Each structure stands twice: as C-alpha cells, then as structure tokens.
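Before any comments, here is the structure.
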Amino acid sequence: MAQINPSILSADFARLAEEAKAVEGADWLHVDVMDNHFVPNLTLGVPIVEALGKATDTPLDCHLMIEDADRWAPQYVEAGAGSVTFHAEAAAAPVRLAREIRAKGARASMALKPATPIEPYEDLLPELDMLLIMTVEPGFGGQAFLDIMLPKIRRTRELIDKHGLELWLQVDGGVSAATIERCAEAGADVFVAGSAVYGAADPAAAVRDLRALADVATAAAPWACDH
Ligand code: DX5
Ligand code: ZN
C-alpha cells in the first residue's frame with residue numbers, strides 16, 4: 001500500500017503538536033530540516049525534532065536539506081527520527097553515513113536533487129532503506145511538480161527491481177491529487193505532500209484521498225504487476 005507522508009513545512013509552526021495530530025492516519029510525518037546554506041531557506045533543527053517526536057505517535061521522516069550531512073544526520077536519529085534522509089550532494093561519505101544511521105536504529109535514506117542522476121549511485125542502493133527523488137528544487141513548499149523527473153523515477157524503479165531490493169522510493173515536491181498517480185505509475189511508493197495535505201480543509205481526509213489515488217495507479221502500473 002502507498003505510504004503518505006504529510007510535510008509539516010506547510011503546517012502552522014506555532015501549533016506543531018496539533019498539526020501532527022491532525023494527520024494521525026498518515027504513515028510518517030515528513031520533517032524538512034533546512035540550514036539556509038544547502039537550500040535558501042531556514043526551518044528547524046534537532047530540538048524541535050526531539051519535541052515533535054514526543055508529541056506524536058506518527059514516526060518522523062526527517063529530510064535533511066543541510067550541508068555537512070555526515071556530521072549532523074546521526075544527531076537526528078538520536079533525537080528520535082525513525083527515518084533520516086541526507087542529500088547525496090551534501091554527504092562526503094554516503095556509505096559510511098548510511099551505515100551509521102542504520103547502526104543507530106533508524107532507516108537510512110538518500111535524496112537526489114532534480115539535476116543529480118541516479119546511475120552513479122546504483123551500487124550504493126543496497127546500503128539504503130529509501131531513496132528520495134526530489135520532484136521540485138528543494139527549499140520551499142507549494143512549488144509546481146516537475147514532470148521531467150518521471151523518467152528518473154522509472155529508471156530508479158527498474159534498478160530496484162533489477163537488484164531485487166526492498167528499497168522504498170519516495171517522491172517529494174508538488175505531489176497532489178493532480179500528480180500523485182503519475183508518480184505511482186512511474187514507480188514511487190512513498191509520497192510526501194505538504195500543501196496538498198495542510199492546505200486542505202480536512203488534512204486527514206486529504207491523506208486518505210491521496211493514498212487511494214496512489215493505490216489505484218500502483219495496481220495498474222507495469223512495475224507492480226508481478227508483486
Ligand atoms: C521542499 C520540501 C518538501 C515540501 C513539499 O524542499 O522538501 O517536503 O514540504 O511541499 P509541497 O508538497 O507543497 O510541494
Ligand atoms: Zn522534504
């Protein structure tokens with residue numbers, strides 16, 4: 001079944017605990033950490049992740065859009081994140097970092113900006129629990145989905161199948177009722193949605209609707225037919 005991860009970047013930061021509770025049917029809560037260097041925006045860090053983890057039963061999916069990921073990512077595991085995503089462009093030693101995240105007890109995930117190809121990372125995929133393909137340039141919520149990323153999603157799904165990996169394939173950026181089916185058909189199985197969830201009158205219903213759309217599209221997708 002498709003997993004839907006609402007991004008709290010589009011939530012009210014003054015009411016984070018309530019906003020987390022508003023989407024308790026979601027699989028994970030997506031937490032965007034930005035440092036104003038890797039991306040031109042600044043959001044939150046370790047203390048808020050720690051506090052948020054105590055305020056909700058939904059596991060935290062921390063997306064680190066920060067430089068020097070090797071140094072900081074393990075601290076997000078210690079802060080309670082169930083999944084930690086570092087950017088390939090920001091990690092000096094991605095294999096060592098993924099192993100450290102796993103050893104500390106979280107799922108290890110790596111993200112690719114739109115201009116970063118998947119092919120150089122094929123041999124690293126077994127070291128990861130999830131790969132995140134950005135479908136906007138990272139930094140802000142509410143941007144338009146980049147259709148030009150669909151071939152990369154397809155190629156990544158082919159690599160996952162070729163190697164028989166249990167790797168989740170996440171998409172993040174511009175995912176909504178208008179675009180989620182395309183992502184699922186191409187091979188994504190974990191969907192981040194910020195404005196499409198928190199911009200809705202009923203965020204919990206938006207999560208259910210997105211999951212239903214993704215599940216129908218996945219069932220019809222060529223990559224999922226033999227599963
Ligand atoms: C963007 C963030 C996303 C953002 C998505 O850099 O990584 O997680 O919150 O927001 P929407 O779904 O509104 O594009
Ligand atoms: Zn994100």
Side-chain angles (χ1 to χ4, degrees), residues 1-11 13 16-17 19-35 38-39 43-66 69 72-88 90-91 94 97-98 100-102 104-113 127-136 138-141 153 156 166-175 180 183-184 188-198 203-204 206-207 210-211 214:
M1 195 162 83
Q3 299 190 65
I4 307 295
N5 301 6
S7 168
I8 56 151
L9 187 61
S10 298
F13 272 28
L16 281 183
E19 295 281 67
K21 284 199 170 60
V23 293
E24 258 172 1
D27 297 278
W28 297 78
L29 203 58
H30 185 83
V31 182
D32 289 303
V33 177
M34 305 186 189
D35 67 353
F38 184 73
V39 289
T43 55
L44 52 86
V46 169
I48 291 181
V49 168
E50 208 168 353
L52 189 59
K54 290 180 186 145
T56 177
D57 292 333
T58 309
L60 303 185
D61 162 33
C62 281
H63 175 194
L64 307 182
M65 284 158 278
I66 59 175
W72 293 107
Q75 294 191 34
Y76 287 87
V77 186
E78 284 161 19
S83 175
V84 175
T85 300
F86 59 86
H87 265 266
L97 182 54
E100 193 179 344
I101 292 169
R102 280 177 160 178
K104 283 185 178 292
R107 294 178 59 88
S109 165
M110 188 174 77
L112 305 178
K113 289 169 75 175
E127 300 288 336
L128 302 169
D129 296 299
M130 183 167 80
L131 189 95
L132 164 52
I133 293 183
M134 290 303 302
T135 42
V136 297
F140 302 93
I153 299 170
T156 305
E166 292 288 323
L167 182 72
W168 294 351
L169 181 48
Q170 184 178 64
V171 284
D172 180 11
V175 176
I180 196 166
C183 297
D189 54 7
V190 184
F191 305 86
V192 176
S195 44
V197 168
Y198 282 108
V207 169
L210 287 169
R211 191 185 283 125

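Treat the numbers as computed from the prediction; the structure is a model and nothing was measured. Numbering starts at 1 and runs along the sequence shown.
- The CG atom of L64 lies 11.0 Å from the CH2 atom of W72; values are rounded to the nearest 0.5 Å.
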>> For a side-chain hydrogen bond (donor to acceptor under 3.5 Å, both in side chains) check, start with the C-alpha distance between D32 and S7, then their side-chain angles and the critical distance, and finish with the verdict.
In response: CA-CA 7 Å; D32 289 303; S7 168; 2.7 Å; yes
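- Of the possible polar contacts, one joining the T135 side chain to the G173 backbone as a donor-acceptor pair under 3.5 Å is found.
- Between the CD1 atom of I180 and the CG atom of L210 there is a distance of 4.5 Å, given to the nearest 0.5 Å.
- Minimum heavy-atom separation, L29 to T58: N-CG2, 3.6 Å.
- Rounding to the nearest 0.5 Å gives a distance of 6.0 Å between CD of E24 and CG of D57.
- A donor-acceptor pair under 3.5 Å links the side-chain atoms of Y198 to the main chain of E19, judged by distance alone.
- In terms of modelled atom types and a separation under 3.5 Å, the side chain of D129 and the main chain of A108 share a donor-acceptor contact.
- For the atom pair CG (D172) and NE2 (H63), the distance works out to 5.5 Å, reported to the nearest 0.5 Å.
- In plain terms, the two heavy atoms of M34 and T43 that are nearest each other are N-OG1, 2.8 Å.
- Counting only distance, with no hydrogens or angles, the side chain of S109 and the backbone of T85 share no donor-acceptor pair below 3.5 Å.
- Separating the OH atom in Y76 from the CD atom in E50 is a distance of 11.0 Å, to the nearest 0.5 Å.
- Judged purely by atom type and a 3.5 angstrom limit, D27 has no side-chain atom pairing as donor or acceptor with the backbone of N5.
- Scanning all heavy atoms of the two residues, the minimum distance from L167 to L131 falls at CD1-N, 4.0 Å.
- In this structure, R107 is positioned above the aromatic face of W168, its NZ or CZ under 6.0 Å from the six-membered ring centre and within 45° of the axis.
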> Would I8 and L52 satisfy side-chain contact (heavy atoms from CB on, under 4.5 Å), going step by step from the backbone distance to the final call?
Replying inline: CA-CA 11 Å; I8 56 151; L52 189 59; 3.7 Å; yes
> For Q170 and Q3, what are the C-alpha separation, side-chain angles and deciding distance, and is it a side-chain contact (heavy atoms from CB on, under 4.5 Å)?
Replying inline: CA-CA 9 Å; Q170 184 178 64; Q3 299 190 65; over 6 Å; no
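- To the nearest 0.5 angstrom, E127 atom CD is 10.5 Å from M110 atom CE.
- The side-chain heavy atoms of L97 and P74, taken from C-beta on, include a pair separated by under 4.5 Å.
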> What do the steps show when you test V190 against V192 for side-chain contact (heavy atoms from CB on, under 4.5 Å), and what is the final call?
Replying inline: CA-CA 7 Å; V190 184; V192 176; 5.7 Å; no
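- I48 is not listed as a side-chain neighbour of F13, based on a closest heavy-atom distance of 4.5 Å or more.
- Of all heavy-atom pairs between A88 and L112, the closest is CB-CD2, 3.7 Å.
- Nearest heavy atom pair, residue I4 against residue P6, reads O-CD, 3.5 Å.
- A 4.5 Å side-chain heavy-atom check between D61 and M130 finds at least one atom pair inside the cut-off.
- Pairing each heavy atom of A214 with each of F191, the nearest pair is CB-CE1, 3.8 Å.
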